[in-house]
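These notes concern the structure reproduced below.
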Amino acid sequence: MRLEIEKGVQSAIRQIKALKQKPKLIAVQVPEGLKTRALEIAEQIEKASGAEAVIFSDPCFGACDLADARARQLGADLLVHFGHTKMLISELPVIYAPLSYEFDENELANKIIAKLNELSYKKIALCATAQYAEKLNGIKKILGKKGIRAEIGVGGKRVALAGQVLGCNYSAVNSAIKDADAIVFVGDGLFHPLGISFSISKPVLIANPLAERVEELRQQRSMFLRKRYAAVALAKDAKIFGIIASTKRGQLNMRRALEIKGEIEKEGKKAYLIAGDLVKMEYLLGMQLDALVCTACPRIALDDSILFKIPIITPNELEVVFGKRSLENYKFEELQ
Ligand code: SF4
């Protein structure tokens with residue numbers, strides 16, 4: 001299985017060439033995993049367009065972090081954003097060049113069929129991250145021939161592709177689960193399937209084309225909950241909270257941050273609003289905080305908590321801290 005980088009670059013170049021207004025300075029935003037190819041990509045874009053290209057060095061983890069305003073500051077008249085799909089309205093023209101994985105959909109579909117038959121599931125909701133989403137229709141057809149009905153949902157404004165899930169949004173799954181026995185997630189990693197399982201109470205199966213395996217999400221769920229229980233338990237002793245609000249446009253939720261400040265103060269504790277672009281422990285070291293509530297990307301609290309010296313929790317977990325929600329009733333708070 002391989003990531004189709006060249007296909008993404010060629011798609012970007014085709015879109016640039018099709019523009020009526022020829023750009024003079026093109027800003028290029030690539031995800032961290034593509035930095036090793038960034039110079040080569042900029043060179044290809046320059047050669048094909050006749051424009052100059054400028055590469056952003058800041059890390060980019062999603063389309064929530066569109067660098068349109070920064071591109072404009074540089075004087076760029078076009079932004080090419082690699083690796084993610086459209087989420088935000090932009091200040092200047094943007095070309096999205098999503099990157100997809102090439103793999104044998106027949107092989108994976110047959111593994112999904114075998115697992116669904118073993119569990120006697122006949123109707124499913126099918127979803128994937130952007131890198132795998134273009135294979136969903138092919139997989140659906142193969143499943144259909146074996147009597148399995150697969151629905152591919154359409155998400156809200158944060159997602160651009162049918163069946164696409166983000167770490168912060170599962171609206172495409174929600175729109176396809178009526179009557180479904182289970183959800184089949186096509187992709188790698190645990191974050192997205194865990195997020196689905198805490199958003200929607202149906203069994204979740206992971207069809208991983210990298211590992212060439214289909215498995216039901218079970219133990220991972222309780223292991224994840226144990227870790228969150230530990231973070232919540234530590235946050236219960238906190239007297240001074242920092243509420244993190246991101247300045248990244250697609251992660252910004254100041255209204256929620258302000259609500260949370262009020263909730264903490266009602267409990268007789270101190271709360272401070274802290275805004276930043278990148279949320280990192282080293283940027284907070286000088287502040288005397290006991291715990292953090294993160295209203296930005298949910299992955300920061302849920303995936304990267306190990307990098308923080310103090311407990312970092314999500315807004316929903318704060319409800320557990322204050323006894324308004326039980327951990328058994330764990331709910332994943334999505335960004336809209
Ligand atoms: S907020 Fe987080 S999960 Fe959502 S798109 Fe951005 S980086 Fe991905």
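Counting convention: from 1, in listed order, for ligands and their atoms alike.
At least one heavy atom of Met87 sits closer than 4.0 Å to an atom of ligand 1.
Phe224 and Tyr330 have perpendicular rings, their planes meeting at more than 60° on a 0 to 90° scale where under 30° would count as parallel.
Close contacts of ligand 1 with Cys168, meaning ligand atoms under 4.0 Å from a residue heavy atom, involve 1 (S), 3 (S), 4 (Fe), 5 (S). Against a heavy-atom cut-off of under 4.0 Å, Gly167 is close to the following atoms of ligand 1: 3 (S).
In the hydrophobic clustering of this structure, Ile300 does not group with Leu194; members are Ile, Leu, Val, Met, Phe, Trp, Tyr whose side-chain heavy atoms approach within less than 4.5 Å, directly or through other members. Note: the hydrophobic cluster containing Phe322 also contains Val320 (ILVMFWY, side chain heavy atoms under 4.5 Å, direct or indirect links).
Contact annotation: Cys297 places no N, O or S atom under 2.8 Å from atom 4 (Fe) of ligand 1.
Here the CD atom belonging to Glu134 is positioned 7.5 Å from the CD atom belonging to Glu102, to the nearest 0.5 angstrom.
For atom 8 (Fe) of ligand 1, the nearest non-hydrogen atom of the protein is Phe61 O, 4.1 Å. The nearest protein atom to atom 6 (Fe) of ligand 1, hydrogens excluded, is given as Cys64 SG, 2.3 Å; this is a heavy-atom distance.
Although no hydrogens or angles enter the test, the distance criterion places a donor-acceptor pair under 3.5 Å between the side chain of Lys202 and the main chain of Ala180.
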